Amino acid sequence: MRASLLLFSGIPLALAVSTSHSNSNEGYASVCAHIASDISSGSVYYPGSTQYEEMTHRYALSAGENSTCAVGPKTSWDVGRILRVVGSTRTPFAVQSGGHAQHRGFSSTRGVHISLRNFRSIVYNSTAKIVTIGTGLVWDEVYEALDPHGVSVAGGRVAGVGVGGLTLGGGNVTALELVKPNGEVVQVTEEGQPDLFFALRGGLNNFGIVTAITLKVFPQGPVWGGAIVYSDPAYFSKVAAATSRFTSQVTDPKANLLRGYSFSNGLVVQTAIILYDAPSPPPGVFDDFLKIPSIQNTITTQSFLSFFTKSSAGVPDVVPGIYVCSANFLQYLYYLLQASFKSSRLSFGTGITSKSKSLTFLGFTPEPFLSTILSHNTTPSAYPFTRSTAYCPMALSVGWADPADEAFFSGALKQITRSIEAALVAEGHGDVTAAPLYPNYAFGDTPVSRIYGSNLARMTEIKGRVDPKDVMGLTGGFKL
Ligand SMILES: Cc1cc2nc3c(=O)[nH]c(=O)nc-3n(C[C@H](O)[C@H](O)[C@H](O)COP(=O)(O)OP(=O)(O)OC[C@H]3O[C@@H](n4cnc5c(N)ncnc54)[C@H](O)[C@@H]3O)c2cc1C
Ligand SMILES: *[C@@H]1O[C@H](CO)[C@@H](O)[C@H](O)[C@H]1NC(C)=O
Ligand SMILES: *[C@@H]1O[C@H](CO)[C@@H](O)[C@H](O)[C@H]1NC(C)=O
Ligand SMILES: *[C@@H]1O[C@H](CO)[C@@H](O)[C@H](O)[C@H]1NC(C)=O
């Protein structure tokens, strides 16, 4: 049994992909043909072809739609040509990088599916200590390419997540290549295009399509880390106490903890994914976790690439249904979770139990960051709209096997999230509900004010200038 499996999977893969499609629309088909004749690189593919299947492949089938065609441009200029065609014909479209969005329409459409999979270049400049990477890559590929150089970048934590969505949902970049909604290709830096630089860091697909990003690299030596899985409820309070001590006392930026509370494979477990960015940790940092009896402990000294690969082992390539919700927390939330997340009572009295319909997975994954996390980067960005308090994001996710159960589980997950927020407000932490929600974890129908808050006015003004015809309104996601 692997921890990552428990965190992210437990979903039977037997129910996998259906390959026939029938929703093709005459009007969209002629737009697809128009695009095919307009672009000079890449091709347009139709349902039934291998290329179409590959280009529309996504993590959560529940977030998918059957597009009329899929197009895989190879240059930014061709991305611009496609945007001009879909814009002028008002054709719905999707932009897909890694395809890990968990809400329908975010990177899926019934119209034209634009796959960025051909944007795969990785150019490392060791003098400038930067790397420029295409948005068709997933983080696994980036870490693998940088590993031989002894450097890494701040990217995703789990295999398969795309460079595009994660970065535009709040990543730390130094430059971006943007195809504007009018088809123009521009380099966006803080100095050259401060408004777009602000808007793209968190603004997802509202301002155009990004084809490459530049990130700072940092030296990356061997790390000490792995996963510990606790399954005996008798020890859960000790795990909570260790977590609470870690969040209140450890200020060493090399120490990282990801906690998981999950139900998967018929088991309720708690996990601690632990990483110390050096070959061994100083005494005291993680000792409490190591002392508690566990059913699995994979902690060892290894390369970061190896740590990443092992932590992702068992994460499925595709799941039938999954939703994620987001809540903000500070350390006191652990007590709340601890009190509520018991084997017999999975979900705050919302009616989900381990026997509910086709439930495959239920998990809460709080990421306790240092309170200094937001102090490293002071350049304003769309997300987060305030840096005054470092709230930590917590992903709440639910997985199911039977498509008919989608509405039940989406409703239940939203209710769990509301219950957590209500409990926090009752405890006097009303500010938690006003804190920025992390766009990459927020539920699909979250009002954009909860995500962008006081930045909304500036983002809307920039959007009006860069996209006066609202071309990006033809694609799904959190729309301004
Ligand atoms: C198994 C799993 C593990 C995860 N782990 C992490 C994690 O470790 N850390 C974390 O922060 N998040 C994590 N997430 C959440 C993840 O960051 C978001 O789902 C993210 O948006 C996925 O990016 P993507 O490129 O794979 O998705 P996609 O579905 O391809 O894109 C997501 C959104 O971004 C838009 N978009 C993507 N690329 C571009 C582009 N180049 N230009 C314009 N718009 C674009 C899409 O249109 C879509 O609306 C995880 C999700 C899953 C399912
Ligand atoms: C896509 O098409 C398949 C086969 O026709 C169908 O089973 C599936 O429900 C469709 N998906 C959507 C989201 O319409
Ligand atoms: C790498 O960066 C250095 C310093 O900024 C610059 O002088 C050099 O031209 C870059 N190399 C390449 C190949 O772009
Ligand atoms: C994040 O951005 C800031 C400001 O641009 C920079 O100083 C810092 O090094 C960046 N961090 C990473 C990991 O790229």
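Keep in mind that what you see is a predicted model, and the values were worked out from it rather than measured. Read the numbers this way: they start at 1 and go in the same order the structure lists the ligands and their atoms.
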Are G208 and ligand 1 in contact, using a heavy-atom cut-off of under 4.0 Å?
-> yes
Check if G477 has a non-hydrogen atom at a distance under 4.0 Å from any atom of ligand 1.
-> no
Under a 4.0 angstrom heavy-atom cut-off, which atoms of ligand 1 come close to [X]?
X    : answer
T135 : 41 (N)
G99  : 24 (P), 26 (O), 27 (O), 28 (P), 29 (O), 30 (O)
Y59  : 1 (C), 53 (C)

[options]: member with heavy atom nearest to [atom]:
atom                    : options                : value
atom 33 (C) of ligand 1 : V79, L204, T365        : L204
atom 5 (N) of ligand 1  : V161, T211, V210       : V161
atom 13 (C) of ligand 2 : S108, G64, S62, G105   : G64
atom 14 (O) of ligand 3 : T127, I130, T132, N125 : N125

H113, R58, Q102 screened by side-chain hydrogen bond (donor to acceptor under 3.5 Å, both in side chains) with S107, the one that passes = R58
Indicate whether atom 7 (O) of ligand 3 is within a distance of less than 4.0 angstrom of some protein heavy atom.
-> no
Non-hydrogen protein atom less than 4.0 angstrom from atom 2 (O) of ligand 3 | yes
Axial cation check for Y261 ring with R259, 6.0 Å and 45° limits | yes
Are R110 and Y28 in a cation-pi contact, defined as NZ or CZ under 6.0 Å from the six-membered ring centre and within 45° of the axis?
-> no
After noting the C-alpha distance and the side-chain angles of F119 and S76, does the key distance pass the side-chain contact (heavy atoms from CB on, under 4.5 Å) rule?
-> CA-CA 9 Å; F119 291 89; S76 297; 4.1 Å; yes
Would you say the side-chain atoms of [X] and [Y] include a donor-acceptor pair closer than 3.5 Å?
X    : Y    : answer
T109 : S67  : no
S381 : R387 : yes
E367 : Y441 : yes
D277 : Q220 : yes

Tell me: protein heavy atom nearest atom 4 (C) of ligand 3, and distance?
-> A128 CB, 4.0 Å
Test of proximity, L168 against ligand 1: N or O pairs below 3.5 Å = no
Identify whether the distance between the nearest side-chain nitrogen and carboxylate oxygen of K463 and D470 falls below 4.0 Å.
-> yes
Which atoms of ligand 2 have any heavy atom of N66 under 4.0 Å away?
-> 1 (C), 2 (O), 3 (C), 8 (C), 10 (C), 11 (N), 12 (C), 14 (O)
